[in-house]
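Okay, so here's the structure we're looking at.
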Amino acid sequence: MRSIRANLVLWVVGTLGLGTVVVLGATYALTRNQVGRLFDAELKQVAHAVHLREDWTQTRRLRIARPGFELSVRAYDQTGRIYFETAMPSLPSDLAQSFKEGLVSAPTGEGPWRVYTHVTDEGTVQVGQAVAARDALARELSLSVLMPMLLLIPVLGVVVAWALTRGLQPLHLTSRRVSDRDAARLDPLPTDNVPRELLSLVHQINALLARLEGAFDAQRRFLADAAHELRSPVAALALQVQLAERAQTPAARSAALQELARGVERARRLVQQLMDFARLDAAVPLQAFAAVNIAALSREVVAGYAVRAENQDVDLGVDAPGVVQAFGAEPELRSLIENLVDNALRYAPPETAVTVAVRQAEGMVELRVLDAGCGVPQGERERVFERFHRVAGDPTRGTGLGLAIVKAIVERHHGSISLADADPGGALPGLAVSIRLPAWRAHTRPAEPAQAERVGGVRSGLS
């Protein structure tokens with residue numbers, strides 16, 4: 001690909017060349033017009049300067065023009081009898097005599113001529129000049145103007161190339177500064193003495209370096225967190241394998257294998273949440289934002305947790321209209337609802353309810369997940385969104401990543417999240433997680449009545 005400097009030099013030189021052609025054409029036209037006006041005036045002056053009375057002594061008299069005289073003269077009476085005419089130059093033989101005063105352009109066998117006719121009482125005088133002589137003079141004058149411009153083009157090309165080399169020096173300097181960067185050096189480029197034209201580019205490069213540094217930091221944090229959090233589950237699995245190997249009875253072996261299966265599930269859940277959080281922390285969207293039916297998505301997630309809810313004797317349900325559309329990425333919103341439902345089922349006591357409620361109001365989609373568990377103390381409601389944070393004394397098994405993932409997804413979707421008691425003043429206040437997300441605005445749908453239906457044998461709708 002041609003360089004910017006070469007492109008600019010070619011454009012400048014090409015524009016100058018084209019401009020020179022245009023200037024030459026315009027100069028030739030203007031010069032030709034001006035030369036024509038001057039020679040027309042000279043034709044008239046010569047015709048008026050001829051004194052016929054003094055030249056009547058002899059008819060058909062030839063006169064040789066003095067050197068440098070380029071006009072042809074012919075004089076004749078009212079009958080067409082020629083008094084005299086010039087030779088070298090002379091008028092074309094086929095140029096007709098005229099008895100009408102004025103300037104005319106006449107075609108002849110020698111090409112077009114410009115002729116002025118002056119009529120007096122003594123006779124008529126015709127003075128003419130070939131148009132080709134005028135054109136030759138106009139071309140000569142135009143070329144004399146063109147030559148300095150032709151000499152100026154290469155000189156100007158060299159000057160432009162030198163000026164561009166000096167002008168593009170900051171670009172080369174910025175390029176070298178960028179090439180010096182690697183994964184170990186992501187500090188921003190300096191903006192001192194950077195030209196205004198490059199300042200926006202330098203700012204964009206600095207923003208990219210900042211995003212790269214954030215992605216690398218997220219990767220390092222993920223590796224550190226994964227190494228720290230997986231150490232205990234892996235050690236527990238190794239211990240459970242040893243207990244299963246040492247079991248003396250089938251019942252003890254079965255109990256050890258069941259505990260091993262639960263440990264594997266906990267490790268799988270931890271790895272999945274670590275991967276989800278790593279993707280969110282690195283700001284890598286799973287897919288482009290579009291319209292997502294939060295109501296239908298909530299029913300799908302609840303259906304997936306139906307068996308677990310039945311095994312825990314928990315009444316899991318959805319309270320939502322048929323269609324409530326939010327603007328977001330469906331995989332991330334599905335992960336959000338799954339983490340909330342999973343978290344609610346972990347703390348919901350038997351014979352209680354967990355409800356996922358969806359509404360749309362004031363251009364926002366409201367998603368609430370309510371349970372009847374022990375809730376979260378007021379002083380812990382900000383800290384539970386931190387990674388791996390567990391409330392002191394919490395007996396449930398968890399990773400401390402669920403609500404951190406939920407908050408990261410909400411922030412990516414420009415929403416808000418808050419925690420409150422589901423049953424204030426009750427023995428078990430429970431937890432109400434309220435989330436507000438931007439609604440899909442491209443299409444407006446009429447409000448649909450709330451639906452209450454069974455999903456996989458579990459209640460859907462408020463009881």
Worksheet entry | Residues R436, S416; criterion side-chain hydrogen bond (donor to acceptor under 3.5 Å, both in side chains); working and verdict | CA-CA 5 Å; R436 289 172 60 86; S416 62; 4.6 Å; no
Worksheet entry | side-chain contact (heavy atoms from CB on, under 4.5 Å) evaluation trace for V324 with L367 | CA-CA 10 Å; V324 177; L367 172 67; over 6 Å; no
Discussion item. Looking at every heavy atom in both L428 and P349, which two are closest together, and how far apart are they?
Written reply: CD1-CG, 3.8 Å
Discussion item. Run N206 and T191 through side-chain contact (heavy atoms from CB on, under 4.5 Å) and show every step you take.
Written reply: CA-CA 10 Å; N206 288 339; T191 57; 4.1 Å; yes
Discussion item. So does S335 get a backbone contact from the side chain of N339, meaning a donor-acceptor N/O pair under 3.5 Å?
Written reply: yes
Worksheet item: Looking only at heavy atoms, what is the nearest atom pair of G363 and R441, with distance?
Response: O-NH2, 3.4 Å
Worksheet item: Taking all non-hydrogen atoms of both residues, which atom of A329 and which atom of V292 are closest, and how far apart?
Response: C-CG2, 4.4 Å
Worksheet item: Of all heavy-atom pairs between C374 and Y347, which one has the smallest distance, and what is that distance?
Response: SG-CD2, 4.2 Å
Worksheet item: Would you call R359-E366 a salt bridge at under 4.0 Å N-O?
Response: no
Discussion item. Main chain of E380, side chain of E382: is a donor-acceptor contact present, judged purely on distance under 3.5 Å?
Written reply: no
Discussion item. Between I435 and V369, is the side-chain contact (heavy atoms from CB on, under 4.5 Å) condition met? List the steps.
Written reply: CA-CA 9 Å; I435 294 173; V369 178; over 6 Å; no
Discussion item. Do L103 and V115 have side chains that approach each other closer than 4.5 Å (heavy atoms only, starting at C-beta)?
Written reply: no
Worksheet item: Can a salt bridge be assigned to the pair R346 and D371 using a cut-off of 4.0 Å between side-chain N and carboxylate O?
Response: no
Practice prompt. With rounding to the nearest 0.5 Å, note down the distance linking CG in L141 to OG1 in T31.
Written response: 6.0 Å
Worksheet entry | pair R32-D135: side-chain heavy atoms closer than 4.5 Å | yes
Discussion item. So, taking the atom named CZ in R253 and the one named CG in L260, what distance separates them when rounded to the nearest 0.5 Å?
Written reply: 13.0 Å
Worksheet item: So how far is it from D40 CG to S105 OG, rounded to the nearest 0.5 Å?
Response: 7.5 Å
Worksheet item: Could you give all pairs that pass the side chain to side chain donor-acceptor pair (under 3.5 Å) test and reach residues 420-434, with sequence neighbours left out?
Response: R368-S434, R381-D421
Discussion item. Using 0.5 Å steps for rounding, measure from the CG atom of L189 to the CD1 atom of I205.
Written reply: 5.5 Å
Discussion item. What's the separation between atom CG in L333 and atom CZ in R412, rounded to the nearest 0.5 Å?
Written reply: 10.5 Å
Worksheet item: If we only count heavy atoms from C-beta on, is the L316 to Y305 side-chain gap below 4.5 Å?
Response: yes
Discussion item. Would the distance check show the side chain of D94 and the main-chain N or O of G109 forming a donor-acceptor pair, the cut-off being under 3.5 Å?
Written reply: yes
Fill in: Under 3.5 Å donor-acceptor, R299 side chain and G322 backbone
yes
Practice prompt. For the pair E300 and R334, find out whether any cationic side-chain nitrogen is under 4.0 Å from an anionic carboxylate oxygen.
Written response: yes
Worksheet item: Between F289 and H413, is the gap from one ring center to the other below 6.0 Å?
Response: yes
Worksheet entry | Side chain to side chain, P92 and W113, heavy atoms closer than 4.5 Å | yes
Item to complete: Take V341 and V356, measure what side-chain contact (heavy atoms from CB on, under 4.5 Å) needs, and give me the verdict at the end.
Response: CA-CA 8 Å; V341 172; V356 180; 3.9 Å; yes
Practice prompt. Look at atom CD of Q242 and say whether more than 12 heavy atoms of other residues, nucleotides or ligands are closer to it than 6.0 Å.
Written response: yes
Worksheet entry | Side-chain donor or acceptor of Q312 paired with backbone N/O of L345 under 3.5 Å | yes
Fill in: Within-4.5 Å side-chain heavy-atom neighbours: L403 and L340
yes
Worksheet item: Does some side-chain heavy atom of D342 sit less than 4.5 Å from a side-chain heavy atom of R308?
Response: yes
Worksheet item: Which atom pair, heavy atoms only, marks the closest approach of Q325 to V365?
Response: O-CG2, 3.5 Å
Discussion item. Counting C-beta onward and ignoring hydrogens, is there a side-chain heavy-atom pair between I417 and F385 closer than 4.5 Å?
Written reply: yes
Worksheet item: Is there side-chain contact between V302 and I337, with heavy atoms separated by less than 4.5 Å?
Response: no
Discussion item. Just to verify, which of I294, I409, L297 counts as forming a side chain to side chain contact (heavy atoms under 4.5 Å, CB included) with L336?
Written reply: I409
Response to the item:
Minimal heavy-atom distance between L209 and P188, with the atoms involved, is CD1-CA, 4.4 Å
Discussion item. Can you tell me if E110 has over 12 outside heavy atoms packed within less than 6.0 Å of its CD?
Written reply: yes
